[in-house]
Visitor: 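Have a look at this one before I ask anything.
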Amino acid sequence: MTTPQYPVGIQTFSKLIRGGYVYVDKTQYIKSLTSQGQYIFLSRPRRFGKSLLLSTLEAYFEGQRELFKGLAADSMDLDWTSSPVLHFDFNTGKYDDIKGLENRLSSHLEKYERKYNILPRSDYDPALRFENLISEIYEKTGQEVVILIDEYDKPLLAAEENKDLYENHQRTLKNFFSNLKSMDRYIRFAMITGVARFAKVSIFSDINNLNDISMVNEYADICGWSEEELLRYFRQGIEKLASEREEDFEDTLQEMRKYYDGYLFALKGNRLYNPYSVLKALTNNEIDPYWFDSGTPTFLAKRIRKRHIFPSDINGQKCTRKDLIAVGLNDRNPLPLMFQTGYLTIGDYNKDTQLYELRFPNQEVEIGFYEYLLPAYVPEINDPFSPFDFTLFKDDLAEGRPEDFMRRLATLLKNLPYEDHSEPTYRAITFLISYLSGTRAIAEHHGYKGRTDLEVFTSGHIYIFEFKYNKSVKEAMDQICDRDYAGRYALDSRQLFLIAANFIEDKDTRALEYEIESV
């Protein structure tokens, strides 16, 4: 049996098809996309297939029908007339200064000016050159132009910590794309993709008929893979991965579900797998956090820290639809932006209140985000020469030494800078370190008499935590016992520890007191 070729890092449709790589057929969307209107907008997380989608549309509009042989589009009633295509890709380029964006725009314009033998007008700014390019191509070819814009917001995300640069990039892009409306008569179709929608309204405000399909049910699965697609196209790879892991196919599939499944972009869509992580896992024969490790959510971690959002409260937050589709870069609440960037997804929806519940899509994202968030509170947590190195905490719980764990934690809290002494900071650090120290953890685990603050599991131990602030250790331990939090583990063979903790903070004292009982 031929070993499948997985297209890791390949985002060009023609290269993927001609190279014989596995391709999850999404061409059935071409007909409905091209009939939705002249201007389409789609938001999806990074590395989720947006670039491949635009490359597929580029091949279609260029009339390369031979590439679609055997695919859904080949049997559909489509207009295969070739059109000139302008494909602007903002994935690459440096945008850390004013000239960076201008240079990227100029590079794109020069490429198409050369292709269509259009004399560059050096006195024109990028916006005027773009307008001239569209009209000149139409005049030379007699054909309407197709415009594909990939990752329009990359320059803005790169400038998110520099207000002046961000506003400059925003003005430049707005001026550049404002020509789409005035060039209406020369344009056959335009599609714009990005990660976040925070600038869509201002940058594309001149395009009155821009159709945002990001949360439309019909297009919920246009990027990402359903489990049905996963099994249809990648069964052989999953079988090989299962063999490498020395486990059953179903056990490996279940592990992939936990790590990579769970994204939902519209209420009637399927739960979707992350394509990038799946391809990497099947190529490397190992389940690891590939998508999360490929990008760092620095600005999101800073916002969570600044807003004193308790880490376990990230899961289950409620938002309106308006929150999810029209956020601003400087909005106080970072959670809608976490949805757009793929760190949260739709968990549930209440028809009565019309509120969406946001949750981490899977274990890869949840653990990865918490691991990235922890150094925002404790920078030395990743220093192997520090007494607060995270691996030491992890070893304490793995080896069944809760006393060492709590003593190390109490010392760490005493070493925090003065301005960091607060209940939210204490609770966040304690939660993150405890949660990440186990092989599995559950925050606010509901039982028949109440819910625990945190439960942490290792191969040989279970830890039940109850936290109080300026109350007493006795009150915390009484709650654990009175509500029988340990009862659900009566038949579990692992050693069980009950940990009651109280954060003390007044004008004279800042400390963590605790009591540990072994059951």
Visitor: May I ask you to decide if the ring planes of Phe405 and Phe393 are parallel, tilted or perpendicular, using 30° and 60° as cut-offs?
Guide: perpendicular

Visitor: Enumerate the residue pairs fulfilling salt bridge (Lys or Arg N to Asp or Glu O under 4.0 Å) with a member in residues 17-42, sequence neighbours excluded, ordered by first and then second residue.
Guide: Arg18-Glu66, Lys26-Glu229

Visitor: Measuring centre to centre across the rings, with the benzene-like ring taken for any Trp, is Tyr259 within less than 6.0 Å of Phe292?
Guide: no

Visitor: Strictly distance-based, threshold 3.5 Å: is any side-chain N or O of Asn350 a donor or acceptor partner for the main-chain N or O of Leu355?
Guide: no

Visitor: Check for a donor-acceptor pair, side chain of Asp221 on one end and backbone N or O of Leu272 on the other, with a separation under 3.5 Å.
Guide: no

Visitor: Looking at Tyr489, Tyr435, Tyr463, which hits ring-ring contact (aromatic ring centres under 6.0 Å, His included) with Phe457?
Guide: Tyr489

Visitor: Is there a donor-acceptor pair under 3.5 Å between the side chain of Tyr23 and the backbone N or O of Leu16?
Guide: no

Visitor: Against Phe48, only a single residue in Trp225, Phe265, Trp291, Tyr273 fulfils ring-ring contact (aromatic ring centres under 6.0 Å, His included); can you say which?
Guide: Phe265

Visitor: Could you check Phe310, Tyr377, Phe465 and say which one makes a ring-ring contact (aromatic ring centres under 6.0 Å, His included) with Phe431?
Guide: Phe310

Visitor: Within 45 degrees of the axis of the six-membered ring of Phe90 and under 6.0 Å from its centre: does Arg104 put its NZ or CZ there?
Guide: no

Visitor: Just checking, is any N or O donor in the side chain of Ser106 or Glu110 under 3.5 Å from an acceptor N or O on the other one?
Guide: yes

Visitor: Nearest heavy-atom pair of Ile367 and Leu436: which atoms, and what distance?
Guide: O-CD2, 4.0 Å

Visitor: As a quick check of understanding, evaluate side chain to side chain contact (heavy atoms under 4.5 Å, CB included) for Tyr343 and Tyr372, giving each step before the final call.
Guide: CA-CA 12 Å; Tyr343 296 100; Tyr372 200 81; over 6 Å; no

Visitor: So Asp79 and Arg188, salt bridge (Lys or Arg N to Asp or Glu O under 4.0 Å) or not? Walk me through it.
Guide: CA-CA 12 Å; Asp79 178 5; Arg188 176 182 176 185; 3.5 Å; yes

Visitor: Are Asp261 and Leu230 side-chain neighbours, meaning at least one heavy-atom pair lies under 4.5 Å?
Guide: no

Visitor: Checking the side chain of Glu151 only, and the main-chain atoms of Asp89 only, is there a donor and an acceptor separated by less than 3.5 Å?
Guide: no

Visitor: Under the criterion side chain to side chain contact (heavy atoms under 4.5 Å, CB included), I'd like the reasoning laid out for Asp395 against Arg401: C-alpha separation, chi angles, the key distance, then a yes or no.
Guide: CA-CA 8 Å; Asp395 279 346; Arg401 301 191 301 267; 4.0 Å; yes

Visitor: Decide whether Thr320 and Asp323 meet the rule of one side-chain donor and one side-chain acceptor closer than 3.5 Å.
Guide: yes

Visitor: According to side-chain hydrogen bond (donor to acceptor under 3.5 Å, both in side chains), who are the partners of Asp492, at least two apart in sequence or on a separate chain?
Guide: Arg494

Visitor: Do Ile314 and Phe369 have side-chain heavy atoms sitting under 4.5 Å apart?
Guide: yes

Visitor: Counting heavy atoms not belonging to Lys99, are there more than 12 under 6.0 Å from its NZ?
Guide: no

Visitor: Side chain to side chain contact (heavy atoms under 4.5 Å, CB included) between Thr430 and Leu454: does it pass, once the steps are laid out?
Guide: CA-CA 10 Å; Thr430 302; Leu454 179 67; over 6 Å; no

Visitor: Test side chain to side chain contact (heavy atoms under 4.5 Å, CB included) on Lys69 and Ile17 and set out the steps.
Guide: CA-CA 10 Å; Lys69 185 177 180 180; Ile17 296 299; over 6 Å; no

Visitor: Between Lys94 (side chain) and Gly100 (backbone), is there a donor-acceptor pair under 3.5 Å?
Guide: no

Visitor: Would you say the side chain of Arg359 lies within less than 4.5 Å of the side chain of Leu264, judging by non-hydrogen atoms?
Guide: no

Visitor: Are the side chains of Pro4 and Phe234 in contact, using a 4.5 Å heavy-atom criterion?
Guide: no

Visitor: May I ask you to decide if Ala376's main-chain N or O and Arg305's side chain share a donor-acceptor pair within less than 3.5 Å?
Guide: yes

Visitor: Can you confirm whether more than 12 heavy atoms, excluding those of Lys394, are under 6.0 Å from its NZ atom?
Guide: yes

Visitor: Report yes if the distance between the aromatic ring centroids of Phe177 and Tyr39 is under 6.0 Å, otherwise no.
Guide: no

Visitor: Once you measure the plane-to-plane angle for Tyr260 and Tyr290, does it fall in the parallel (<30°), tilted (30-60°) or perpendicular (>60°) bin?
Guide: tilted

Visitor: Between Leu267 and Asn217, what is the shortest heavy-atom contact and its length?
Guide: N-OD1, 3.3 Å

Visitor: Would you check if there is a donor-acceptor pair between the side chains of Arg271 and Thr345 at a distance under 3.5 Å?
Guide: no

Visitor: Any heavy-atom pair between the side chains of Ser32 and Tyr219 that's under 4.5 Å?
Guide: yes

Visitor: Examine distances only and state if a side-chain atom of Asp248 and a backbone atom of Glu250 form a donor-acceptor pair shorter than 3.5 Å.
Guide: no

Visitor: For Ala281 versus Leu241, what's the shortest heavy-atom pair and its separation?
Guide: O-CD1, 4.3 Å

Visitor: Aromatic contact between Phe130 and Phe88, with the criterion being ring centroids under 6.0 Å apart: yes or no?
Guide: yes

Visitor: Which residue pairs pass the side chain to side chain donor-acceptor pair (under 3.5 Å) test with at least one member in residues 53-65, sequence neighbours excluded?
Guide: Glu58-His87, Glu62-Gln64, Arg65-Asp74

Visitor: Hey, is the main chain of Ser214 close enough, under 3.5 Å, to the side chain of Arg44 for a donor-acceptor pair?
Guide: yes

Visitor: Would you mind telling me which of Leu54, Leu148, Ile40, Ile149 makes a side-chain contact (heavy atoms from CB on, under 4.5 Å) with Thr193?
Guide: Leu54

